[in-house]
Amino acid sequence: MIHPLSRIGRWLAPLCAALALAPLPALAQEASSGPLRIEITKGVVEPMPIALPPYLAGDPRSADYAARITEVVEADLVRSGLFRPIPKEAHLGRVTDFNAPPNFPDWRAINAQALVTGQATVEADGRLLVQFRLWDVFAQEQIAGFKYRTDPESWRRVSHKVADAIYSSLTGEDGYFDSRVVFVDETGAKGDRRKRLAIMDQDGANLRYLTSGADLVLTPRFSPTDQEIIYISYAQGEPQVYLFNIETGQREALGQFPGMTFAPRFSPDGRQVVISLSQGGATDIYAMDLATRRMRRLTNTPAIDTSPSFSPDGRQIVFESDRGGAQQLYIMDAGGGAAKRISFGDGRYGTPVWSPRGDIVAFTKMMRGRFQIGVMRIDGSNERILAESFLDEGPTWAPNGRVLMFFRETPGVNGGPRLYSVDLTGQNLRPAPTPSFASDPAWSPLLP
Amino acid sequence: MKNIRNGIIALAAAALLGACSNSLEDEAGLGVDPTGGAGAGGAGSIEESSIEYFNVQVGDRVFFGTDSSELDSAAIQTLTRQARWLNDYSTADIVIEGHADERGTRDYNLALGARRATAARNFLLSQGVPAERIRVVSYGKERPVALCSDESCWGQNRRAVTVVAGGPTS
């Protein structure tokens with residue numbers, strides 16, 4: 001999980017590697033019926049009752065950090081839909097010493113299955129030390145414990161890392177809280193929207209605008225390996241693909257093309273991008289090697305072939321095409337060639353996105369005047385609809401492949417888009433906070 | 001004044017009627033005149049060689065069916081008039097903007113707008129407008145002119161608009 005430090009920019013302050021805390025001395029243990037675990041692959045999950053007493057302040061300067069870290073960790077866990085924090089007023093026990101074992105009967109009495117104890121300390125050198133332990137209340141044992149040393153400015157990221165460690169320990173899945181979302185911020189009247197690229201933490205914090213709104217911009221997508229995005233801008237009068245470095249603010253046209261280019265996405269290794277090029281009314285898919293800027297044509301039909309997305313192993317591409325008469329999903333080799341149709345249900349299918357786990361594809365489905373977000377296996381089987389409205393569009397995967405974000409647009413003159421997230425199970429539909437209308441979300445990989 | 005003027009006006013009127021019969025009236029009262037906002041004033045007050053005349057009397061835009069880039073007879077009439085005006089009155093470059101309604105996904109609608117603009121371009125080429133004068137651009141669903149969310153507006157938004165250099169964009 002530790003990425004090269006050279007990739008980390010100035011505003012993405014480095015976090016020290018998480019160090020495992022040694023478990024506290026063994027406690028008298030009761031018979032345990034296996035590890036504490038949330039099974040999130042089941043359809044409906046009963047949220048796990050968890051106690052999150054306030055983080056302790058290791059010194060007077062860190063009281064504020066301790067309080068805020070507690071809040072951010074709790075908010076992440078609540079938003080996942082998998083945890084039900086027990087209200088602090090109901091707590092019987094109090095944690096006073098981070099290095100002493102908790103008094104389990106106090107927590108068992110309020111039916112907490114898991115307990116998180118934590119401490120924040122501003123150290124002599126000004127660094128922030130954040131420690132936490134996750135306990136199985138009924139088995140009376142430590143499940144996980146980590147400490148992080150960081151620049152105090154990064155207290156939010158550390159909080160997300162703590163939440164990820166809790167999520168990961170209790171679900172057996174990778175976390176996704178220490179990640180960001182890039183999207184298009186929309187202001188102004190429906191017929192003349194001002195669109196700006198914006199980036200925020202996955203919980204809506206630390207919002208920044210990346211472009212001024214002078215040029216129409218669309219469909220930003222994250223690089224899997226760098227602090228870079230790829231998107232569409234009308235800066236040259238027609239839509240063209242641009243690269244944007246989030247750290248330096250540097251912008252660069254991908255190339256000069258004999259037609260408009262759009263629908264860009266990176267390959268999983270970050271070395272290529274796939275785009276659509278529209279020429280003479282036909283739209284085809286091309287791959288470009290970023291180092292050489294050499295283009296390779298992957299489809300060659302008079303149809304609209306667009307919205308390409310790589311499989312996580314980089315070997316295949318799922319895309320949409322109306323070559324059969326209406327928008328449907330197809331899979332082809334990453335080098336192009338014959339494509340196999342995978343969507344066969346009623347309605348039209350677009351914007352396929354391959355899951356980071358590789359086994360399923362998320363899509364937008366248009367049927368009987370409604371727009372849906374759905375998933376299917378890569379052979380087209382097991383289609384499931386996760387959300388539906390007047391206009392639900394453009395799913396993007398959380399880095400762990402368990403949660404999707406998309407935008408939902410309301411109809412009418414005053415209508416507009418907002419971001420939503422939903423679990424792969426179809427549960428836990430939630431709006432994502434943005435200051436204005438927002439569309440075209442793209443979830444980042446886990447931060448380094 | 002050119003002697004083809006009366007004919008052009010008659011054709012423009014026919015196109016207006018044609019548009020109405022295609023149920024492109026602004027039922028919701030929220031959109032714009034499909035011919036680009038002719039309004040009152042009459043053709044007599046507009047110089048035939050002006051861009052305003054092109055936009056209003058010739059008709060700067062054609063409309064499409066859902067998920068279609070096919071030119072219907074009304075569109076062919078409008079484009080025929082456009083080609084005649086572009087050949088007779090102007091040497092200016094043009095941009096054909098392709099648009100889609102809000103009932104499609106973003107990428108697909110960009111491609112569909114390009115297909116519509118290209119359909120209009122190909123017709124103008126067939127009528128002798130030189131290729132080097134024509135550029136096409138697609139706005140997909142980004143620039144609706146009618147803002148309600150039913151067919152009365154969507155039909156106005158599924159359009160290809162011919163913008164003559166020096167004039168306002170749609």
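Every chain is numbered from 1, with letters handed out A, B, ... down the list of sequences.
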When only pairs under 4.5 Å are counted, which of [options] shares the most heavy-atom pairs with chain B?
options                                : value
A/Lys195, A/Met366, A/Gln327           : A/Gln327
A/Asp322, A/Thr219, A/Thr306, A/Leu391 : A/Asp322
A/Thr364, A/Leu216, A/Asn414, A/Thr351 : A/Leu216
A/Pro411, A/Gly350, A/Gly412           : A/Gly412

Minimum heavy-atom separation for [X] to [Y], with atom names?
X        : Y        : result
A/Met260 : B/Ala114 : CE-CB, 4.0 Å
A/Phe371 : B/Thr105 : CE2-N, 4.5 Å
B/Tyr139 : A/Gly237 : OH-O, 4.3 Å
A/Lys190 : B/Leu147 : NZ-O, 3.1 Å

Looking at B/Ser69, B/Gly104, B/Gly98, which has the largest count of heavy-atom pairs under 4.5 Å with chain A?
B/Gly104
Out of B/Thr118, B/Leu112, B/Asn157, B/Asp67, return the one with the most heavy atom pairs under 4.5 angstrom to chain A.
B/Thr118
Check ion pair B/Lys141-A/Glu409 (N to O, under 4.0 angstrom):
no
State the CG-OG distance between B/Asp107 and A/Ser278, to the nearest 0.5 angstrom.
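Rounded to the nearest 0.5 Å, the CG-OG separation comes to 11.5 Å.
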Gap between atom OG1 of A/Thr283 and atom OH of B/Tyr108 - 0.5 Å precision
9.5 Å
Student check: side-chain heavy atoms of B/Val95 and A/Glu238 closer than 4.5 Å:
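A side-chain contact is absent here, since even the closest heavy-atom pair is not under 4.5 Å.
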Taking C-beta and beyond as the side chain, do A/Glu393 and B/Arg106 meet within less than 4.5 Å on heavy atoms?
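In contact.
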Where does [X] contact chain B at under 4.5 Å (heavy atoms): side chain, backbone, both or neither?
X        : value
A/Ile304 : both
A/Phe363 : neither
A/Pro308 : neither
A/Tyr234 : side chain
A/Glu320 : side chain

Within the side chain of B/Arg103, is there an N or O that forms a donor-acceptor pair under 3.5 Å with the backbone of A/Gly369?
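It does hold such a pair.
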Go through the atoms of [X] and report whether side chain, backbone, both or neither lie under 4.5 Å from a heavy atom of chain A.
X        : answer
B/Val136 : backbone
B/Ser149 : both
B/Ser138 : both

